[in-house]
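Here's the structure, in structure tokens; my notes come after.
A note on names: the letters A, B, ... follow the listed sequences, proteins ahead of strands, and every chain is numbered from 1.
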There are 2 protein chains.
Amino acid sequence: MQKLVIPRKTVYRLSLYYRALQRLRTNNIETVSSAALATAAGVKPTQLRKDLTYFGNFGTRGLGYNVEALSRRLTEALGTTQLQPVILVGAGNLGSALLRYPGFAKEGFEVVAAFDAKPLRSREKELGIKVLPMTKLAQFVTEQRIKMAILTVPGNVAQEVTNELIASGVLAILNFAPIILQVPDNVVVNNVDLAIELENLSYFIQ
Amino acid sequence: MQKLVIPRKTVYRLSLYYRALQRLRTNNIETVSSAALATAAGVKPTQLRKDLTYFGNFGTRGLGYNVEALSRRLTEALGTTQLQPVILVGAGNLGSALLRYPGFAKEGFEVVAAFDAKPLRSREKELGIKVLPMTKLAQFVTEQRIKMAILTVPGNVAQEVTNELIASGVLAILNFAPIILQVPDNVVVNNVDLAIELENLSYFIQ
DNA sequence: CTGTGTGAAGGCTTTCACAGCC
DNA sequence: GGCTGTGAAAGCCTTCACACAG
């Protein structure tokens with residue numbers, strides 16, 4: 001399966017489809033048309049169908065898609081079949097909140113450890129997880145073969161921490177720091193910048 | 001100025017440029033080349049220049065851009081010249097963290113009120129803001145002419161709350177609920193879905 | 001007759017190549 | 001010489017139109 005051929009945007013939408021399918025599953029719906037699923041995912045039906053053809057033909061003409069089967073195929077494609085361990089670096093305001101956020105576990109990610117320059121912060125409420133000092137970071141990542149990290153450190157140390165993560169073997173970073181991280185080609189970064197999202201909205205309501 | 005001509009992606013990148021410019025400003029750098037600014041913003045120099053031409057010519061050939069002037073022009077374009085009041089709906093884990101998050105204020109947004117179905121939660125630590133019951137939402141939005149809202153309610157009530165926001169006059173929503181909101185054409189929604197971002201990363205490290 | 005699968009067309013963005021100005 | 005500004009080309013993604021299967 002040559003996954004390099006699949007457009008980035010398609011991959012992103014696969015997650016949207018998967019989400020929508022989960023809702024259908026909990027409602028015990030067995031079959032869904034591209035029109036219905038597309039609406040739930042916020043895209044056009046033709047786009048949904050086109051996206052799915054990158055992975056094969058799962059639909060039944062005249063009927064639609066089997067929710068269960070399509071759902072399973074998407075987890076395979078996304079690589080979320082087995083639980084993926086993740087670490088979180090920077091247990092400040094945002095970091096702590098994310099540790100308590102149930103959304104990750106629900107989607108198959110387990111935050112296995114958190115790191116902070118001042119690990120004593122952990123007192124402030126059971127986060128349900130150990131907060132380790134930064135000095136333990138490299139060893140932990142290497143030994144546990146961690147591949148994914150959530151980065152919620154201040155912008156001025158983000159690049160430095162990133163370098164350490166990459167040196168230890170991390171391949172994917174979800175970055176909340178308001179900085180463009182410089183990383184080698186084999187490392188993927190997704191940026192979530194809350195202030196920029198607001199700023200962007202602000203443009204459209206002028 | 002016909003702003004409808006400007007590509008969405010360009011608008012988004014303007015924020016990145018603005019960010020990078022702020023850093024240069026604090027370092028008292030007066031002039032910057034498209035190459036340097038592009039690197040800081042994570043884009044190609046030609047793209048940066050192309051993006052800027054949508055707003056006019058600010059560069060000096062052979063020299064670069066004046067940091068101060070370009071910076072000012074970008075705030076104008078983005079509509080962040082004056083402080084924009086924002087409300088937050090849903091003061092749970094994530095919502096509370098965002099209330100304490102300094103990033104918004106730093107970029108010119110003031111969260112003027114928070115709303116929650118169970119406003120008593122507010123006790124849990126001074127959030128530095130009143131948490132009002134949902135019953136006060138419509139009146140507040142109307143009276144204060146609020147245009148922007150951050151939505152951090154559970155997915156199953158997100159659409160319902162959205163309808164209320166829109167009916168009261170909100171035009172832009174930063175949505176953290178894992179749902180595609182159905183809104184009229186004159187309303188803008190930006191989605192931030194943390195689980196999907198992780199899922200997306202997971203695909204690329206297979 | 002309904003709804004998928006898909007080559008082809010269309011539209012949008014990015015990148016190139018180079019003219020133009022300091 | 002250095003760096004911006006920009007039409008033109010290339011690339012990418014979305015949408016259309018319709019063949020085809022149940």
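Side-chain proximity of A:Thr53 to the nucleotides D:dT14, D:dC3, C:dT6 is greatest for C:dT6. For B:Asn57, the listed nucleotide lying nearest its side chain is D:dT6; candidates were D:dT6, C:dT6, D:dT4. Checking D:dC13, C:dT4, D:dT15 against the side-chain heavy atoms of A:Pro7 singles out D:dC13 as nearest. Side-chain atoms of B:Thr46 lie closest to C:dC16 of the nucleotides C:dG5, C:dC16, D:dT4.
Residues of residues 59-69 of chain A having a heavy atom closer than 4.0 Å to DNA chain D, listed by number: A:Thr60, A:Arg61.
As judged by a 4.0 angstrom heavy-atom cut-off over every strand, A:Lys50 is placed among the base-contacting residues.
Taking both residues in full, the closest heavy atoms of B:Arg72 and B:Thr75 are given as O-OG1, 2.6 Å, listed atom of the first, atom of the second, then distance.
Note on B:Arg13: a side-chain N or O is less than 4.0 Å away from OP1 or OP2 of C:dT14. Residue B:Lys9 places no side-chain N or O under 4.0 Å from the OP1 or OP2 atom of C:dT13.
Taking a cutoff of 4.0 Å between a charged side-chain nitrogen and a carboxylate oxygen, A:Asp193 and B:Arg19 qualify as a salt bridge.
Both tests pass for B:Arg8 against the ring of A:Phe204: distance under 6.0 Å to the centre and angle within 45° of the axis.
The closest side-chain donor-acceptor pair between B:Gln47 and B:Asp51, if any, does not fall under 3.5 angstrom.
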